[in-house]
Amino acid sequence: MHQSQTQVDVRYAETDQMGVVHHATYLIWFEVGRTQFIKDLGFSYAKMEADGFLAPVTDISISYKRPFKYGETAEIRTWLENYNGIRSVYGYGIYNENDELCISGTSTHVLVNKETFKPIRMEKVLPDWHEAYQNNALGPKREI
């Protein structure tokens, strides 16, 4: 199983009135991690979209354990939690500089045709992605 790691410096604009990273920022950091995970496997989100496919979010969960503040560095660790040919569930752990888990979560995505938004099996249209996802999913390859 592959796990990507991406570092993000906390920017002042990402903090709220309490001086901590605003909760919505973590969704963006999940996307940063997911994009890096896909890149690490040798693929491109942008190329997938140019080829006529999208992977919209259908579910997302976040658990907040410790806050991040301006000036800190966060490490986003991303992996493929589960994959069934249509749905991909990515797992995320965001760690502080002391290697403490601060944020955890998952996001579920469904591969769809860009024009019709109908779900499509990855193995039919992106066979290389399918193989890489089959080989890198942490959990069982079953219907979600």
Side-chain angles (χ1 to χ4, degrees), residues 1-51 53-114 117-123 125-144:
M1 175 198 79
H2 174 72
Q3 181 183 85
S4 72
Q5 297 179 349
T6 307
Q7 291 194 336
V8 174
D9 291 328
V10 177
R11 296 169 293 248
Y12 185 79
E14 294 171 322
T15 62
D16 60 18
Q17 189 174 8
M18 296 178 286
V20 300
V21 171
H22 187 269
H23 63 275
T25 301
Y26 299 117
L27 297 174
I28 296 167
W29 290 4
F30 281 10
E31 183 178 331
V32 168
R34 188 172 58 254
T35 301
Q36 185 61 51
F37 176 84
I38 290 167
K39 191 177 191 179
D40 286 353
L41 292 180
F43 305 112
S44 163
Y45 233 113
K47 182 170 179 348
M48 177 188 70
E49 290 184 358
D51 289 343
F53 308 103
L54 301 173
V57 174
T58 60
D59 188 56
I60 199 156
S61 69
I62 300 177
S63 179
Y64 306 96
K65 300 170 186 337
R66 290 183 170 85
F68 279 96
K69 296 184 178 181
Y70 172 66
E72 295 179 329
T73 300
E75 182 176 272
I76 307 161
R77 300 177 190 170
T78 309
W79 60 92
L80 189 60
E81 186 77 27
N82 206 319
Y83 169 71
N84 73 357
I86 295 176
R87 287 183 187 88
S88 302
V89 180
Y90 299 89
Y92 309 92
I94 305 178
Y95 292 78
N96 64 18
E97 295 162 348
N98 296 321
D99 203 34
E100 298 170 312
L101 179 64
C102 298
I103 308 295
S104 63
T106 61
S107 64
T108 302
H109 303 255
V110 175
L111 186 66
V112 299
N113 179 292
K114 190 176 185 176
F117 249 72
K118 289 185 180 181
I120 189 162
R121 296 198 66 80
M122 191 180 285
E123 62 193 318
V125 295
L126 301 169
D128 293 342
W129 284 58
H130 172 73
E131 183 178 346
Y133 275 36
Q134 284 276 311
N135 293 334
N136 285 284
L138 177 64
K141 286 69 171 179
R142 60 177 171 75
E143 289 298 318
I144 301 170

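For reference, positions follow the sequence shown, starting with 1.
- Between M122 and S88, some side-chain heavy-atom pair lies under the 4.5 Å cut-off.
- D16 CG to T25 OG1: the interatomic distance, rounded to the nearest 0.5 Å, is 8.5 Å.
- Scanning for salt bridge (charged side-chain N to carboxylate O under 4.0 Å, His left out) contacts around D9 gives an empty result, with sequence neighbours left out.
- We find that K69 and E72 are not joined by a salt bridge, their nearest charged nitrogen and carboxylate oxygen being 4.0 Å or further apart.
- Here the closest non-hydrogen pair linking A132 and L41 is CB-CD1, 4.4 Å.
- Looking at heavy atoms from C-beta onward, M48 lies in side-chain contact with L111 at the 4.5 angstrom threshold.
- Closest heavy-atom contact between G105 and F30: CA-CZ, 3.9 Å.
- Checked against salt bridge (charged side-chain N to carboxylate O under 4.0 Å, His left out), E49 has no partners two or more places apart in sequence or in another chain.
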N/O donor to acceptor pairs below 3.5 angstrom from side-chain atoms of residues 89-97, sequence neighbours left out:
unit_1, atom_1, unit_2, atom_2, d
Y90, OH, Y133, OH, 2.6
Y92, OH, R34, NH1, 2.8
Y92, OH, S107, OG, 2.6
N96, OD1, N98, N, 2.9
N96, OD1, D99, N, 3.2
N96, OD1, E100, N, 2.9
N96, ND2, E100, OE1, 2.7
E97, OE2, T73, N, 2.9
E97, OE2, T73, OG1, 3.3

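- H109 and Y45 get closest at one heavy-atom pair: ND1-OH, 4.0 Å.
- Counting heavy atoms from C-beta on, the side chains of W129 and I38 come closer than 4.5 Å.
- Checked against salt bridge (charged side-chain N to carboxylate O under 4.0 Å, His left out), E31 has no partners two or more places apart in sequence or in another chain.
- Atom CZ of R11 is separated from atom OH of Y70 by 11.0 Å, given to the nearest 0.5 angstrom.
- Taking each heavy atom of V21 and V10 in turn, the nearest pair found is CG2-CG1, 3.4 Å.
- Panel note: side chain T15, backbone Y12; a donor-acceptor pair is recorded below 3.5 Å.
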- request: Verify side-chain contact (heavy atoms from CB on, under 4.5 Å) between E14 and F68, making sure each step is shown before the conclusion.
  value: CA-CA 10 Å; E14 294 171 322; F68 279 96; over 6 Å; no
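- The salt bridge (charged side-chain N to carboxylate O under 4.0 Å, His left out) test applied to K47 returns D51, not counting sequence neighbours.
- Rounding to the nearest 0.5 Å places CG of N135 at 9.0 Å from NE2 of H130.
- To the nearest 0.5 angstrom, I76 atom CD1 is 14.0 Å from F37 atom CZ.
- The number of heavy atoms from other shown groups lying within 6.0 Å of CE (M1) is above 12.
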Identify every side-chain donor-acceptor pair in residues 53-64 under 3.5 Å, counting partners at least two apart or on other chains, and give the distances.
unit_1, atom_1, unit_2, atom_2, d
T58, OG1, T108, O, 3.3
S61, OG, T106, OG1, 3.1
S63, OG, K65, NZ, 3.1

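- Within 6.0 Å of CD on Q5 lie more than 12 heavy atoms contributed by other residues, nucleotides or ligands.
- Shown here for K114 and F117, the closest heavy-atom pair between the two residues is O-CD1, 4.0 Å.
- Minimum interatomic distance between I120 and I86 (heavy atoms only, all atoms of both residues): O-CG1, 4.0 Å.
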